[in-house]
Colleague: 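Got a structure for you, written out below as C-alpha cells; questions coming shortly.
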Amino acid sequence: MTKVKKGDRIRLVEMGNDPCPIPPGSEGTVRSVTEFEGWAQVCVNWDSGRTLNLVVPPDRFDIIAGA
C-alpha cells in the first residue's frame, strides 16, 4: 500500500484531524511502518523532537530521501 519504509526521510504535506498536529513542511525519519487493510500507521521521529505518528490516509507526506 504505502511505499515508505524504515529509515526514509519524509516531509509532511498535511496532517488531518489531530488536535496538536505537526506543522506542514516538517521533516523527519521513519521509525516503522505498520500496514492494515486500507490504511497504514507510519511512526516518525520528527526533527523537532516530536514522535507523533501518521495515519495514511488521511495524512499526506513526500519521501525526500530513501534509506
Side-chain angles (χ1 to χ4, degrees):
M1 180 174 120
T2 182
K3 296 178 183 176
V4 69
K5 62 189 177 310
K6 181 179 178 177
D8 284 350
R9 293 281 299 159
I10 65 169
R11 181 179 300 118
L12 184 65
V13 173
E14 178 182 39
M15 182 173 276
N17 297 322
D18 193 277
C20 188
I22 301 291
S26 296
E27 296 181 0
T29 303
V30 175
R31 286 190 335 243
S32 66
V33 179
T34 305
E35 294 195 17
F36 300 94
E37 190 171 324
W39 65 283
Q41 180 180 49
V42 180
C43 300
V44 181
N45 285 337
W46 297 100
D47 293 351
S48 66
R50 291 185 65 187
T51 56
L52 188 61
N53 297 337
L54 299 175
V55 175
V56 181
D59 298 337
R60 296 184 304 126
F61 60 89
D62 293 320
I63 299 171
I64 54 176

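In this text, all values refer to a predicted model and were calculated from it rather than measured experimentally. We're numbering straight along the sequence, starting at 1.
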Colleague: So which heavy atom on V13 is nearest to which on P24, and how close?
Modeller: O-CB, 3.5 Å
Colleague: Check the pair W46, L12 against side-chain contact (heavy atoms from CB on, under 4.5 Å), reporting the backbone distance first and the verdict last.
Modeller: CA-CA 10 Å; W46 297 100; L12 184 65; 3.9 Å; yes
Colleague: Any side-chain heavy atom of L54 within less than 4.5 Å of one from I10?
Modeller: yes
Colleague: Indicate the atoms forming the closest heavy-atom contact of N53 with M15, along with that distance.
Modeller: O-CE, 4.0 Å
Colleague: Quick one: does any side-chain atom of D18 pair with a main-chain N or O of C20 as donor and acceptor, under 3.5 Å?
Modeller: yes
Colleague: Using the salt bridge (Lys or Arg N to Asp or Glu O under 4.0 Å) criterion, which residues pair with R50? Sequence neighbours excluded.
Modeller: none
Colleague: Any side-chain heavy atom of T51 sitting closer than 4.5 Å to one from R31?
Modeller: yes
Colleague: What are the two closest heavy atoms between G38 and P57, and how far apart are they?
Modeller: O-CD, 3.7 Å
Colleague: Would you please name every residue forming a side chain to side chain contact (heavy atoms under 4.5 Å, CB included) with T29, sequence neighbours left out?
Modeller: R9
Colleague: For residues V4 and I63, report the shortest heavy-atom separation together with the two atoms involved.
Modeller: CA-CD1, 3.9 Å
Colleague: With side-chain contact (heavy atoms from CB on, under 4.5 Å) as the test, would you mind laying out the steps for W39 and V56 before giving the verdict?
Modeller: CA-CA 5 Å; W39 65 283; V56 181; over 6 Å; no
Colleague: R11: which residues meet the salt bridge (Lys or Arg N to Asp or Glu O under 4.0 Å) condition with it, sequence neighbours left out?
Modeller: E27
